[in-house]
Amino acid sequence: MSTQRVFAARLAGCAVFDPVGDRLGKVRDVVVVYRSTAAPRVIGLVVEIPGRRHVFLSIGRVTSIRSGQVITTGLINVRRFSPRAGEVRVLAEMLGRRVSFADGSGTAVIEDVAIEPNRLGEWAISQLFLRRPKTSASPFAKGPTTFAAWSEVAEERAPGESQSAEQLVASYSELHAADLANTLLDLPQQRMIEVAEELSDDRLADALEEMPEDEQVHILDRLGDERAADILDQMEPDDAADLLAQLDPDRLEQLLELMEPEEAEDVRMLLRYGPDTAGGLMTPEPIILSADATVAEALALIRRHELHPALAAAVFVTLPPFETPTGRLLGMVHFQRMLRYPPHERLGAIMDDSLEPVPVTASAAEVARMLASYDLVSLPVIDAAHRLVGAISVDDVLDYLLPDDWRSHDADDAPSPAKDVR
């Protein structure tokens, strides 16, 4: 076993390998239990395995922690992790807690926790990285940092009661939106709300889009109306419409009034259609250009970083106006096709006008069949006047067709050849 001291925040995200070098997952947290006369003992790691499922890896199964990687015996229980009484997750529940120094020199906040094994191979918290209160009135100033042993401080609140979520949010900064959503859902309810309140509007919006609707509603209900409206402004219109459709009519209308008028208009339009129709599942903001626009102009729009990959797969060509609902739909140009032509080529000369668009009333099943039949990732959606009103992508259809609990569905779990029994 490596005797290197390891800091929990730096350990998060490290790859976990079996003895032959196959990657099993990545570390998401460290689990400890409190002791009355000694520093908390490390009992294991929370590891994210394929399928974004969090499982428990006993520290006894860890043979090495060094060089940004964790080596195990290869024996992992694939049962979803659920904390037991007395177990505390360092990143999710300990970082951000306030402690007081035993020598009476004041208080500090835990920003990181170092763990290391003793001579017998038992891992425990060896040191705390702390930040004292700032001494300057400047809003950009930070307090001085210091290290302390567990015996040199005392928590100001009972174990399990959280403090500021700021440090935890910082440790989540590199997570993909889907991973962030999954991580939030694994937190205790109160801690989840605290972290949600600390996240930026766009970051929380991205995470909400990856959550089940009941969890979306739960978080939105705990936020103030102004903040909730700001979050909805940052969400994709179709996702915002799906979320608002779960609320009672009075709160729905109240939040729409607080949203930016342009965003609210898109959402109101989507709410007019049934949730299981192309109109209810589409996004009203595809890339729309005229037939005289060039390949270079289209590629410039596709390069926008905030554009969803499925929507970047094609450009729709219409008559003016070029915002939904547009003039008559003329055709579409696929991204791959544009790459085969010079930048000055007009879209009208290379567009595909043979593909049948789907009406707003088409069912999700009909749309899925068309996407599969023609190997497409998106389709234009038109109204009765053949005007483009939006585009529906394969991920929109998948979200609808998959079971409500698909994010946490374990039916496809295969039993591990050998299990680490907790």
Side-chain angles (χ1 to χ4, degrees), residues 28-29 46 48-55 78-83 89 92 165 168-169 172 175-223 225 227-249 251-252 255 267 270-271 273-277 280-283 308 310 363-365 367-368 392-413:
R28 282 302 179 214
D29 216 326
V46 179
E48 182 181 304
I49 61 175
R52 298 208 299 269
R53 191 185 315 110
H54 290 185
V55 301
V78 296
R79 186 181 299 112
R80 183 176 293 276
F81 170 74
S82 179
R89 285 167 287 176
L168 181 56
V169 168
Y172 290 164
L175 288 182
H176 185 277
D179 295 332
L180 175 59
N182 202 46
T183 301
L184 288 176
L185 293 176
D186 280 338
L187 295 175
Q189 285 290 316
Q190 183 57 36
R191 189 60 162 165
M192 178 175 68
I193 299 303
E194 290 171 355
V195 174
E197 290 173 344
E198 283 287 338
L199 289 168
S200 63
D201 290 348
D202 58 338
R203 192 84 168 114
L204 180 53
D206 289 342
L208 284 178
E209 290 175 356
E210 303 294 334
M211 290 184 182
E213 290 176 353
D214 57 340
E215 294 292 348
Q216 292 178 335
V217 172
H218 173 67
I219 292 176
L220 206 68
D221 283 343
R222 299 290 295 274
L223 303 175
D225 285 349
R227 178 80 198 281
D230 290 340
I231 302 301
L232 290 165
D233 281 333
Q234 296 295 324
M235 294 177 71
E236 292 294 327
D238 54 327
D239 290 308
D242 291 341
L243 173 51
L244 285 170
Q246 306 302 310
L247 306 179
D248 65 76
R251 180 159 169 76
L252 183 154
L255 290 176
V267 173
L270 292 172
L271 288 170
Y273 303 111
D276 58 347
T277 65
L281 296 171
M282 71 181 181
T283 175
H308 192 285
S363 68
V367 176
I392 186 166
S393 59
V394 65
D395 63 304
D396 296 325
V397 178
L398 279 175
D399 279 346
Y400 179 78
L401 294 179
L402 286 170
D404 292 339
D405 62 344
W406 68 268
R407 292 175 176 85
S408 58
H409 191 51
D410 294 339
D412 57 345
D413 292 348

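Bear in mind the structure is a predicted one, so any value in this text is a computation, not a measurement.
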What are the two closest heavy atoms between [X] and [Y], and how far apart are they?
X    : Y    : answer
G280 : D242 : O-OD1, 4.1 Å
A207 : L184 : CB-CD1, 4.2 Å
A228 : L220 : CB-CD1, 3.7 Å
I219 : A196 : CG2-CB, 4.1 Å
A181 : E210 : CB-CB, 3.7 Å
F81  : V46  : CE2-CG2, 3.8 Å

How many angstroms lie between atom [atom1] of [X] and atom [atom2] of [Y], to the nearest 0.5 angstrom?
X    : Y    : atom1 : atom2 : answer
L247 : D221 : CG    : CG    : 6.5 Å
L208 : E213 : CG    : CD    : 11.5 Å
D225 : R251 : CG    : CZ    : 4.5 Å
L180 : R203 : CG    : CZ    : 4.5 Å
H218 : M211 : NE2   : CE    : 10.0 Å
S200 : D230 : OG    : CG    : 11.5 Å

Practice prompt. Using the side chain to side chain contact (heavy atoms under 4.5 Å, CB included) rule, take L187 and V195 through it: C-alpha gap first, then chi angles, then the decisive distance, then the call.
Written response: CA-CA 9 Å; L187 295 175; V195 174; 3.9 Å; yes
| Does any non-hydrogen side-chain atom of M282 lie less than 4.5 Å from one of L270? |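 Yes - at least one pair of side-chain heavy atoms lies under 4.5 Å apart.
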Could you pull out all donor-acceptor pairs under 3.5 Å where a side-chain atom in residues 231-238 meets a protein atom, sequence neighbours excluded?
{"unit_1": "D233", "atom_1": "OD1", "unit_2": "E260", "atom_2": "N", "d": "3.1"}
{"unit_1": "D233", "atom_1": "OD2", "unit_2": "E260", "atom_2": "N", "d": "3.3"}

Option among H54, E48, R89 that satisfies the side-chain contact (heavy atoms from CB on, under 4.5 Å) test with D29
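Testing D29 for a side-chain contact (heavy atoms from CB on, under 4.5 Å) against H54, E48, R89 leaves exactly one candidate, R89.
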>> Which residue in the set E194, Q189, Q190 passes side-chain hydrogen bond (donor to acceptor under 3.5 Å, both in side chains) when paired with R222?
In response: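 It is Q190; the other options fail the test.
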Item checked: D276: partners by side chain to side chain donor-acceptor pair (under 3.5 Å), with sequence neighbours left out ->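 In terms of side chain to side chain donor-acceptor pair (under 3.5 Å), with neighbours along the sequence ignored, D276 is linked to no residue.
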Please evaluate residues L252 and L271 with respect to the criterion side chain to side chain contact (heavy atoms under 4.5 Å, CB included), reporting the C-alpha separation (whole Å), side-chain torsions for both, the decisive distance (0.1 Å), and the verdict. CA-CA 11 Å; L252 183 154; L271 288 170; 4.2 Å; yes
Using modelled atom types and a 3.5 Å cut-off, is there a donor and acceptor pairing between side-chain atoms of R28 and backbone atoms of T183?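 Not a single qualifying donor-acceptor pair exists.
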Give a yes or no on whether the backbone of E197 and the side-chain of R227 come within a donor-acceptor separation of less than 3.5 Å.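 Yes; judged by distance alone, with no hydrogens or angles, the pair exists.
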